[in-house]
Amino acid sequence: MRPILLQGHERSLTQIKFNADGDLLFTCSKDNVINVWFSHNGERLGTYEGNNGTVWTVDVDPLSKFLVSGAADNTLRLWSVSTGKCLYTWEFPTAVKRVAFNDKGTQVVCITEQRMGHQCAIRVFEINAEGDGTKQSKEPLYMFNPIGSKATVCAFTLTPNVVITGHESGKVALFNVKTGEEIDSNERAHSDVVTDLQMSKDWTYCITSSKDKAARIHDTKNLMVIKTFNTETPLNSAALAPNRPFVLLGGGQEAMSVTTTSLRQGKFETRFWHKVFEEEVGRVKGHFGPINTIAVHPAGTSYASGGEDGFVRVHHFDDSYFKAKPYGDLEIIE
């Protein structure tokens, strides 16, 4: 798998996202810029400029009409995907660490950080798609402060008004955004910060990664842990491969302690694990620093990883990946 190297950022990557069709790849980093690329050949299509701080997070709606971003300049911004214009900016007292659209693209949930006397808050905004998208409500539809440990990642579930969150303490919880009530929680889902949360294609389960060196698959209805993947390196990101029984994990030693470890020891590889058997099946090397974020093409034909080194690597899977028999001689009828 010869990677396509995307060089459009000057600092480390924070999140990458494919759109629903998989033809576009959005990348954001600590250099204040969001880039969009053609995923099949790595050509840069454009940039979204206007943030005055690290862009921590991006998400794109199912129709690829709107893009939302959250940044360290305490703003949540709505962009037009096609023109690159910033359509609307919401301002908060602290940085926005995570944003996510719901399955229809009509609402956005965002997490703002706990800082300077402000509590961690989760807000849901209704996205008004009428006209050119510049007429948005300044006030959130719902807002609440999760009790206890601050939330680090979140996503909508298929149940209306319910979001799933991952927390600094390692817990994974379900919240009703209308009432702010915690419907369910698994306090011991992880033993350290939850670093990433990605939904399955049908939104019935999700995968979380954590600094506790493990990734877990959870049922989004009752938070039951279905599978656990234990590695020997802190994880920053975990993604599910559609149509194949694999999960992709990325991480590595903290940047501070990297100077003392060799590449091999730093574990800067994307690791493939078998989703069912919980066994590692392969690794892909390439980054010169921890992998911060991984995304898989919605059709499962390729994946992209973004690292601390400022590069995004897009790998298109070889034929052997699709011909391999992940269950031995067993034929799975889909």
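Worth saying up front: this structure is predicted, and the values here are computed from it rather than measured.
- Between Ala189 and Val172, the closest heavy-atom pair is CB-CG2, 3.6 Å.
- In this structure, the side chain of Lys65 engages the main chain of Ala129 through a donor-acceptor pair within 3.5 Å.
- Of the candidates Thr204, Val163, Leu174, Thr157 forms a side-chain contact (heavy atoms from CB on, under 4.5 Å) with just one, namely Leu174.
- In this structure, Asp219 and Ile226 have side chains that are in contact, with non-hydrogen atoms separated by less than 4.5 Å.
- For the atom pair NE2 of His274 and CZ of Phe246, the computed distance is 5.5 Å after rounding to the nearest 0.5 Å.
- Side chains of Trp37 and Ile4 form no contact here, defined as non-hydrogen atoms less than 4.5 Å apart.
- In this structure, the separation between SG on Cys206 and CG on Asp196 is 10.0 Å, given to the nearest 0.5 Å.
- You'll find the side chain of Cys110 reaches within 4.5 Å of the side chain of Phe92, heavy atoms only.
- Linking Ile, Leu, Val, Met, Phe, Trp and Tyr whenever their side-chain heavy atoms come within less than 4.5 Å leaves Ile147 and Tyr142 in two separate clusters.
- In this structure, the side chains of Arg283 and Val281 stay at 4.5 Å or more apart for every pair of heavy atoms.
- A salt bridge is defined here as a Lys NZ or Arg NE, NH1 or NH2 lying under 4.0 Å from an Asp or Glu carboxylate O, and Asp309 with Arg313 fails to meet this definition.
- Rounded to the nearest 0.5 Å, atoms CD1 (Ile217) and CH2 (Trp273) are 12.0 Å apart.
- Counting heavy-atom neighbours within 6.0 Å of Glu126 CD, excluding the residue itself, gives a total above 12.
- Considering only heavy atoms from C-beta on, Asp103 stays 4.5 Å or farther from Pro62 through its side chain.
- Between the side chains of His118 and Thr112, not a single donor N or O lies within less than 3.5 Å of an accepting N or O.
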* Under the side chain to side chain contact (heavy atoms under 4.5 Å, CB included) criterion, do Met199 and Leu197 qualify, and how do the steps go? -> CA-CA 7 Å; Met199 303 298 280; Leu197 182 150; 4.1 Å; yes
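- Cluster annotation: Val99 and Trp79 are assigned to distinct hydrophobic clusters (Ile/Leu/Val/Met/Phe/Trp/Tyr, side-chain heavy-atom contacts under 4.5 Å, transitive).
- Side-chain polar atoms of His167 and Ser149 form no donor-acceptor pair below 3.5 angstrom.
- Criterion: ILVMFWY side-chain heavy atoms under 4.5 Å apart, direct or through other members. Under it, Phe288 and Val312 are not part of a common hydrophobic cluster.
- Here the side chain of Ser29 pairs a donor or acceptor atom with the backbone of Asp31 at under 3.5 angstrom.
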* Taking it one step at a time, do Lys171 and Glu182 satisfy side chain to side chain contact (heavy atoms under 4.5 Å, CB included)? -> CA-CA 12 Å; Lys171 90 167 172 182; Glu182 192 175 294; 2.9 Å; yes
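- The two atoms that bring Ser210 and Thr195 nearest to each other are N-OG1, 3.6 Å, heavy atoms only.
- For the atom pair CG of Asn102 and CZ of Phe156, the computed distance is 5.0 Å after rounding to the nearest 0.5 Å.
- Without hydrogens or angle criteria, Thr75 side chain to Thr89 main chain gives no donor-acceptor distance under 3.5 Å.
- Side-chain atoms of Thr152 come within 3.5 Å of backbone N or O of Gly166 as a donor-acceptor pair.
- Side-chain contact between Thr165 and Cys154: present, with at least one pair of heavy atoms (C-beta onward) separated by less than 4.5 Å.
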If you look only at distance, which donor and acceptor atoms sit under 3.5 Å apart when one is on a side chain in residues 12-20 and the other is two or more places apart or in another chain?
from  : atom 1 : to     : atom 2 : distance (Å)
Ser12 : OG     : Glu308 : OE2    : 3.4
Thr14 : OG1    : Cys28  : O      : 3.0
Thr14 : OG1    : Val55  : O      : 2.6
Gln15 : OE1    : Thr57  : OG1    : 2.7
Gln15 : OE1    : Val58  : N      : 3.0
Lys17 : NZ     : Asp59  : OD1    : 3.4
Asn19 : OD1    : Gly22  : N      : 2.8
Asn19 : OD1    : Asp23  : N      : 3.2
Asn19 : OD1    : Leu24  : N      : 3.1
Asn19 : ND2    : Asp23  : OD1    : 2.7
Asn19 : ND2    : Ser64  : OG     : 3.1

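- For Ser137 (side chain) and Glu139 (main-chain N/O), a donor-acceptor pair under 3.5 Å exists by modelled atom type.
- Panel note: side chain Asp73, backbone Asn52; a donor-acceptor pair is recorded below 3.5 Å.
- Checking Thr208 against Arg216 by side-chain atom types alone, no donor-acceptor pair falls below 3.5 Å.
- Counting heavy atoms from C-beta on, the side chains of Lys227 and Val247 never come closer than 4.5 Å.
- Of the possible donor and acceptor atoms, none in the side chain of Thr233 sits under 3.5 Å from a partner among the backbone N and O of Gly251.
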Mind listing the side-chain donor-acceptor pairs of residues 314-328 below 3.5 Å, one per line with the distance, residues two or more places apart or on another chain?
from   : atom 1 : to    : atom 2 : distance (Å)
His316 : NE2    : Ser39 : O      : 3.2
His316 : NE2    : His40 : O      : 3.4
Asp318 : OD2    : Met1  : N      : 3.1

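- The nearest pair of heavy atoms linking Arg44 to Gly8 is NH1-O, 3.7 Å.
- Rounded to the nearest 0.5 angstrom, Glu130 CD and Gln136 CD are separated by 10.5 Å.
- A donor-acceptor pair under 3.5 Å links the side-chain atoms of Asn74 to the main chain of Ala95, judged by distance alone.
- Using the six-membered ring where Trp is involved, His218 and His190 have ring planes that are perpendicular, over 60° apart on the 30 and 60° scheme.
- The two residues Ala72 and Trp56 make their nearest non-hydrogen contact at CB-NE1, 3.6 Å.
- Ring centers of Tyr88 and Phe125: at least 6.0 Å apart, outside the cut-off.
- For Gln119, the CD atom sits in a loose shell: 12 or fewer heavy atoms of surrounding residues, nucleotides or ligands are nearer than 6.0 Å.
- Between the side chains of Trp203 and Thr220, no donor-acceptor pair of N or O atoms lies under 3.5 Å.
- In this structure, Ile122 and Pro146 approach most closely via the heavy-atom pair CD1-CG, 4.0 Å.
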* To do: For the pair Val108 and Phe66, evaluate side chain to side chain contact (heavy atoms under 4.5 Å, CB included) and give the outcome as yes or no after the intermediate values.
  => CA-CA 11 Å; Val108 166; Phe66 296 128; over 6 Å; no
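- Taken to the nearest 0.5 Å, the NE2 atom of His297 stands 9.5 Å off from the CG atom of Leu25.
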* Asked: Yes or no on side chain to side chain contact (heavy atoms under 4.5 Å, CB included) for Gln198 and Leu240, after CA distance, side-chain angles and deciding distance?
  -> CA-CA 8 Å; Gln198 296 194 22; Leu240 296 153; 5.5 Å; no
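- Looking only at side-chain heavy atoms (C-beta outward), Val81 and Val36 stay at 4.5 Å or farther from each other.
- Cluster membership check: Leu6 does not share its hydrophobic cluster with Ile34, using side-chain heavy-atom separations under 4.5 Å among Ile, Leu, Val, Met, Phe, Trp and Tyr.
- When atom types are taken as modelled, the side chain of Asn292 and the backbone of Asn236 share no donor-acceptor pair closer than 3.5 angstrom.
- The two residues Pro234 and Lys213 make their nearest non-hydrogen contact at N-CG, 3.7 Å.
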